[in-house]
Amino acid sequence: MSEEKLPTRAENYSEWYNTLVQRAELADYAPVRGCMVVRPYGWALWENIQSALDRRFKATGHVNAAFPLFIPMSFLEKEKEHVEGFSPELAVVTIGGGETLEEPLVVRPTSETIIGHMYSKWIKSYRDLPVLINQWANVVRWEMRTRLFLRTLEFYWQEGHTAHATAAEAEEETIRMLNQYADFAINDAAVPVIRGRKSTTEKFAGAQHSYTIEAMMGDTRALQSGTSHNLGQNFAKAFEIRFLDESNTLQYCWTTSWGLSTRFVGAIIMTHGDDQGLVLPPRLAPIQLVIVPIYRNDEEKSAVLPVVEQVKGLLSEFRVKVDDRTEVTPGFKFNDWEMRGVPLRLEIGPKDVEKHSVMAARRDIPGKPGKSILSMENLAAQIGSLLDEVQAGLLTKATRFRDEHIFEPRDYGHLKEVVQNGWAYAWWCGSADCEAKIKEETKATTRCIPLDQEGGKGKCIYCGQPADEKVYFARAY
RNA sequence: CGGGGUGUAGCGCAGUUGGUAGCGCACCGUGUUUGGGACGCGGGGGUCGGCGGUUCGAGUCCGCCCACCCCGACCA
């Protein structure tokens, strides 16, 4: 049960986040540092994210499989950049069954290597391609600083791994899945995202290049919310993933990988949440609608409860919860479900029973303005359109917030200023040196080089050299 | 790993010059309440982070250790 007020976002954003995650019962701290327990409500949200994504993966021809948690250490070492990128954060098992292992086993930080190993066994001919496999899994990365959902030692995700006959097909796949992520984020989670390419410094260790969807959180910091990597032939060469083409020539495959994790739960919290608590997008909310019965005595109770049941029956197409707790007052329930982010609340009391109506309150519009009286006629249709309005409203609001906090700085001094409370969209010459200097001086990193560029030429915001592309700079999670 | 902080009931905290542990919330029982975070009465719950030391006596003083949180270098 929840105590009273949350810390406000303005007061202390990170405390607001931490308190909310726990109070809304999304997750809790595990006894191991940096690990989290995803509680039923949080997991239900994740399951809805999973099914929204899985649907898209299936629709684009992918199948699910499961690969082992343990990876031989030597596999990690086969791709030079990959091992350099991941070795600092590996958890390694050296003892099994009381015996020191012949070869240490890495707890997977990601599965390119072990999947690459299997692909080299499975792929012999161009007829075997493409291979389009996804897995839902947990992975472990030994991070220094952790935050619930945003960065934990162990997290849950999906990782897609594909192999193709040509570079063009691999690139097409990489972009296709990036677009699936963007579509999911925007249309199901109401999280507006910018699709873009990562700079060389920011890309995945071992990738030829990486793409990302970047979202702006309520404190204007950026969150990398999903990534798609074109691995080129790097892993194919390291793991001998080869096929015979139509003309009987042995060729290396072109592979991709793409992932989206429980971090996205954090994205939803920080995109939509307000000082009352969570605000969940109707398409993903574990509970879309809560019904709070209201009565003062047994007489009213016996009039109200049957109507509550009747309404619940009418709304069977939605995820409905009836809050029939007797130990707390309706007022408490209102606050409680608002804190938990339920998009819509129905109040049913004696007055409603009498008038054959119900009182509806939208989570995204606090107080009286968000309330409306619905007649019992076509109730399901009315609820359906209210939920659609909430869904659309969240996206509009989040998009407006983001756009209001994206600036095109005049010069470097101006950039320094705007990244304190927003993103800077500026020309960049592409040099890792300028990128590093900017990071050092402002804490802002390049988030992505957006795919949708208006073109033209400019001068690097830092060094003034000619630049072909504009990039987003922001402080990031 | 560096800097800062905190460990006392599930959570948040108090605990005086050392004298054997308390408050609020939550929890259990009960009655009155119930359209925006109800109230009364009665209860249960603690190896005071761990180990050692000083002392007749340690939550309190001393030493060592451990854990967690916050801020930095790495990351989905």
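Hydrogens, waters and symmetry mates play no part in the numbers below; they use all other heavy atoms, side chains included. All chains are named by letter (A, B, ...) in the order of the sequence lines, taking the proteins before the strands, and each is independently numbered beginning at 1.
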- Query: Contact class for A:K351 (heavy atom, under 4.0 Å): base, sugar-phosphate, or nothing?
  - Reply: base
- Within this structure, what is the CG-to-P distance between A:L6 and B:rG12, rounded to whole angstrom? 15 Å
- Query: For atom C1', what is the distance between B:rG36 and B:rG40, given to the nearest Å?
  - Reply: 23 Å
- Anything under 30° is parallel, anything over 60° is perpendicular, the rest tilted; go ahead and classify A:W428 against A:F473. perpendicular
- Query: Checking all strands, does A:S210 fall into the base, sugar-phosphate, or nothing category for heavy-atom contacts under 4.0 angstrom?
  - Reply: nothing
- B:rA38 phosphate, OP1 or OP2, under 4.0 Å from A:T329 side-chain N/O: yes
- Note on the structure: Of A:K439 and A:S14, the one whose closest nucleotide on RNA chain B sits nearer the 5' end is A:S14
- Query: Can A:F155 be said to stack with the base of B:rA76, given centres closer than 5.5 angstrom and planes under 30 degrees apart?
  - Reply: yes
- For atom CG of A:N335 and atom C1' of B:rG37, their distance in whole Å: 5 Å
- Query: Nearest of B:rG35, B:rG36, B:rA76 to any side-chain atom of A:T227?
  - Reply: B:rA76
- Message: Suppose we call two aromatic rings close when their centres sit under 6.0 Å apart. Are A:Y477 and A:F149 close by that rule?
- Response: no
- Message: Distance check needed: B:rU34 C1' versus A:F332 CZ, whole Å only.
- Response: 13 Å
- Which of B:rG36, B:rA76, B:rU34 is nearest the side chain of A:F334? It is B:rG36
- Message: Does a side-chain N or O of A:N18 approach OP1 or OP2 of B:rC70 to a distance below 4.0 Å, or not?
- Response: yes
- Query: For the pair made of CZ in A:R147 and C1' in B:rC68, what is the distance, rounded to whole Å?
  - Reply: 15 Å
- Message: Without decimals, in angstroms, what is the distance between A:R296 CZ and B:rG36 C1'?
- Response: 15 Å
- When you compare B:rU47 with B:rG43, how far apart are their P atoms, in angstrom units rounded to a whole number? 22 Å
- Task: Not counting sequence neighbours, which residues clear ring pair (Phe, Tyr, Trp, His ring centres under 6.0 Å) with A:H62? List them please.
- Result: A:W258
- Query: What does A:L223 touch in the nucleic acid at a heavy-atom separation under 4.0 angstrom: a base, only the sugar-phosphate, or nothing?
  - Reply: nothing
- Message: For A:W157, does the six-membered ring have the charged nitrogen or CZ of A:R141 within the cation-pi criterion, i.e. under 6.0 angstrom from the centroid and within 45° of the normal?
- Response: yes
- Note on the structure: A:L148 CG to B:rA76 P, in whole Å, measures 19 Å
- Query: Does A:R345 have any side-chain hydrogen bond (donor to acceptor under 3.5 Å, both in side chains) partners at least two apart in sequence or in another chain, and if so, which?
  - Reply: A:E338, A:E347
- Closest to side chain of A:K371, choosing from B:rG36, B:rG35, B:rA76: B:rG36
- Task: Please state how far atom CG in A:L305 lies from atom P in B:rU34, giving the value in whole angstrom units.
- Result: 16 Å
- Task: Assign A:Q224 to base, sugar-phosphate, or nothing according to its heavy-atom contacts below 4.0 angstrom with the strands shown.
- Result: sugar-phosphate
- Message: Only pairs with both distances under 3.5 Å count, Watson-Crick or wobble alike; so what is the partner of B:rC75 in this structure?
- Response: none
- When we call it a touch if two heavy atoms are under 4.0 Å apart, what does A:E300 touch: a base, just sugar-phosphate, or nothing? nothing
- Task: Send over the distance from A:D298 CG to B:rU32 C1', rounded to a whole Å.
- Result: 13 Å
- Item | Euclidean distance for C1', B:rC66 against B:rG50 (whole angstrom) | 7 Å
- Go ahead and name the base partner of B:rA38; Watson-Crick or wobble counts if both distances stay under 3.5 Å, otherwise write none. B:rU32
- Task: Under 4.0 Å between any heavy atoms, over every strand shown, what does A:G349 touch: base, sugar-phosphate, or nothing? Just pick one.
- Result: base
- The single option from A:F239, A:F75, A:F235 passing ring-ring contact (aromatic ring centres under 6.0 Å, His included) against A:H117: A:F75
- With both distances under 3.5 angstrom, what nucleotide forms a Watson-Crick or G-U wobble pair with B:rA21? none
- Of A:G331 and A:E89, the one whose nearest nucleotide on RNA chain B sits closer to the 5' end is A:G331
- Task: Describe the nucleic acid contact of A:F204 in one word from base, sugar-phosphate, nothing, applying a heavy-atom distance below 4.0 Å.
- Result: nothing
